[in-house]
Number of protein chains: 2
Amino acid sequence: MSVDANFSLGRVNTALTPQERFEEFMQTRGKRITRQRQVIVDHVTTRHEHFDAEQLLVDLKKTPAGAQASRPTIYRTLNEMVEAGILKKMELDGRAVYEHDYGYPQHDHLYCTSCQKLIEFSSEELTKLRNAVAETHQFRAQGHRLIVSGICFDCRSKRGTSRHQDRV
Amino acid sequence: MSVDANFSLGRVNTALTPQERFEEFMQTRGKRITRQRQVIVDHVTTRHEHFDAEQLLVDLKKTPAGAQASRPTIYRTLNEMVEAGILKKMELDGRAVYEHDYGYPQHDHLYCTSCQKLIEFSSEELTKLRNAVAETHQFRAQGHRLIVSGICFDCRSKRGTSRHQDRV
DNA sequence: TTGTCTGCAAACACTTTGCACTTTT
DNA sequence: AAAAGTGCAAAGTGTTTGCAGACAA
């Protein structure tokens, strides 16, 4: 149902901060800026890390009383942020993983199947390749997601050990 | 938890039919070839289409009495087939989509966000690119998944019309 | 004030599991 | 006969929704 496609691969309008972009988006939808939305947007946009809804919930629970939000509100707000174009969503092992990428260049990921770590990389060539392929199929590409799975250096080094990292 | 990585990107041991490969795999695990498993493997491997567990269940329900299987058995068997390396699994919009690709060359997909159609394509360049990137990160790539999303030709042509398609 | 938002509990969609019975080997 | 598999119903995940009270505009 999205009406306004805000796609311009490789670079987004960076005149606005993510917070401003979010407010703008909400205003055009007649939605309000509440304390909870504020808290969530701030938390997320000051980090650029990969996270899921549950982690965000837990993180916020650790903060001063007023800076928390319920699970439903978190899910609702994350969806709004995706619509607003300040958050990217991907599915990994059955749950949604988000990443704040407003203003960041297009990139993709290496996914370690041993420790679940995501490593970013970017490649212009990939986008070119993608566009070329799309064209031969008369397909209008709007975005893409490449996930290369395998084993990261750390996990290979620790092989045989039961140690395990918790970075996501 | 997969123990035996059967990776050899770009080409798999094609001396065996998928059915044979599956039997081989099951035998080495001390698992049995039951009527249900047979039915599922046959149905899936004679098609090379994209499907999910629910669709398979419904498809089998339409067949003669003896050729059916329950939902749990379908889920269990699909997982076994993935482990056996004769089926590929990907996540799309929150549910698992499978594709029989044993013996087929490596390929990726264009995903139409309007009609949910998956279009296949393959590109050697992509695999090379992937390997190059992995190497710079000391990452051991085992596989990859690229999904280019956008709008397919059919959907663009029909835009504005109330007609809709039913191809998946 | 008015209409939106929040949080709770309940509902959902998809997938997995415990268990008694059935089937393959 | 022994071991593994099936199907049912129930339990799990992760995510969404209905609704009454709370709150931003």
Side-chain angles (χ1 to χ4, degrees), chain A residues 1 19 22-43 50-61 63 65-84 87 89-98 116 168, chain B residues 1-2 19 22-43 50-61 63 65-84 87 89-98 116:
Chain A
M1 294 294 134
Q19 283 86 346
F22 186 65
E23 285 186 29
E24 175 194 83
F25 173 83
M26 294 304 264
Q27 278 169 15
T28 67
R29 304 271 228 214
K31 295 187 166 192
R32 295 170 180 171
I33 304 295
T34 63
R35 178 180 54 71
Q36 289 87 332
R37 284 177 176 153
Q38 200 107 260
V39 160
I40 294 172
V41 172
D42 285 357
H43 187 96
H50 303 95
F51 65 95
D52 61 23
E54 195 60 30
Q55 263 173 276
L56 178 54
L57 180 69
V58 171
D59 282 3
L60 292 183
K61 278 220 174 94
T63 67
Q68 311 192 0
S70 68
R71 201 189 311 274
T73 296
I74 285 180
Y75 275 100
R76 285 187 280 238
T77 305
L78 289 176
N79 286 336
E80 289 158 354
M81 291 175 73
V82 170
E83 285 186 79
L87 207 55
K89 178 182 188 172
M90 62 189 117
E91 319 219 332
L92 231 46
D93 296 327
R95 97 270 192 215
V97 174
Y98 300 87
Q116 277 68 54
V168 183
Chain B
M1 295 295 131
S2 71
Q19 284 86 346
F22 186 64
E23 285 186 30
E24 177 194 82
F25 173 83
M26 295 304 265
Q27 278 168 16
T28 67
R29 304 272 229 217
K31 295 187 166 192
R32 296 168 181 174
I33 304 295
T34 62
R35 178 179 54 71
Q36 290 86 333
R37 285 180 176 151
Q38 199 108 260
V39 160
I40 293 173
V41 172
D42 285 358
H43 187 95
H50 303 96
F51 65 95
D52 60 24
E54 195 60 30
Q55 263 173 274
L56 178 55
L57 180 68
V58 171
D59 283 3
L60 292 182
K61 278 221 175 94
T63 67
Q68 311 193 359
S70 69
R71 201 188 311 274
T73 296
I74 285 180
Y75 275 100
R76 284 186 281 236
T77 305
L78 289 177
N79 286 336
E80 289 158 353
M81 292 175 72
V82 170
E83 285 186 80
L87 207 55
K89 178 181 186 173
M90 63 188 116
E91 320 221 332
L92 230 46
D93 297 328
R95 98 270 193 214
V97 174
Y98 300 87
Q116 276 67 55

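Letters A, B, ... mirror the listed sequences (proteins, then strands); counts begin at 1. Bear in mind that the values here come from a model prediction, so they are computed numbers and not experimental data. These values consider heavy atoms only, across backbone and side chains, with no hydrogens, waters or symmetry-generated copies.
Taken to the nearest 0.5 Å, the CE atom of B:M26 stands 11.0 Å off from the CZ atom of B:R32.
Partner of B:F22 under the side-chain contact (heavy atoms from CB on, under 4.5 Å) criterion, out of B:I40, B:V41, B:L87: B:V41 alone.
Chain B approaches DNA chain D within less than 4.0 angstrom (heavy atoms of the protein), and the contacting nucleotides run 5' to 3' from D:dA3 to D:dA9. Between chain A and DNA chain C, the heavy-atom contact criterion of under 4.0 Å yields a 5' to 3' nucleotide range of C:dG3 to C:dA9.
With sequence neighbours excluded, no residue forms a side-chain hydrogen bond (donor to acceptor under 3.5 Å, both in side chains) with A:D59. Remark: B:Y75 pairs with B:A53, B:R71 by the side chain to side chain contact (heavy atoms under 4.5 Å, CB included) rule, at least two apart or across chains. Under the side chain to side chain contact (heavy atoms under 4.5 Å, CB included) criterion, B:Q36 pairs with B:T34, B:A69, B:T73, sequence neighbours left out. Here B:Q38 pairs with B:E23, B:I33, B:D42 under the side chain to side chain contact (heavy atoms under 4.5 Å, CB included) rule; sequence neighbours left out. Partners of B:K31 by salt bridge (charged side-chain N to carboxylate O under 4.0 Å, His left out), not counting sequence neighbours, listed by chain and number: B:E80. Under the side-chain hydrogen bond (donor to acceptor under 3.5 Å, both in side chains) criterion, A:R76 pairs with no residue, sequence neighbours left out. Checked against side-chain hydrogen bond (donor to acceptor under 3.5 Å, both in side chains), B:N79 has no partners two or more places apart in sequence or in another chain. Annotation: salt bridge (charged side-chain N to carboxylate O under 4.0 Å, His left out) contacts of A:E91 (sequence neighbours excluded): none.
Nucleic acid contact class of A:R71 (heavy atoms, under 4.0 Å, all strands): base.
Residue-to-nucleotide proximity on DNA chain C shows that, of B:R35 and B:Y98, the 5′-proximal contact is made by B:Y98.
Of all heavy-atom pairs spanning A:V82 and A:K89, the tightest one is CG2-CB, 4.2 Å. Across all their heavy atoms, A:Y98 and A:D52 have their closest contact at CD1-CA, 4.4 Å.
A salt bridge links A:R29 to A:E83: one of the charged nitrogens lies within less than 4.0 Å of a carboxylate oxygen.
Where the helix from C:dT1-D:dA25 to C:dT25-D:dA1 starts and where it ends, the local axes point in directions that differ by 30°; five pairs per end, rounded to 10°.
Listed by residue number, the members of residues 73-82 of chain B with any heavy atom below 4.0 angstrom from DNA chain D are B:T73, B:R76.
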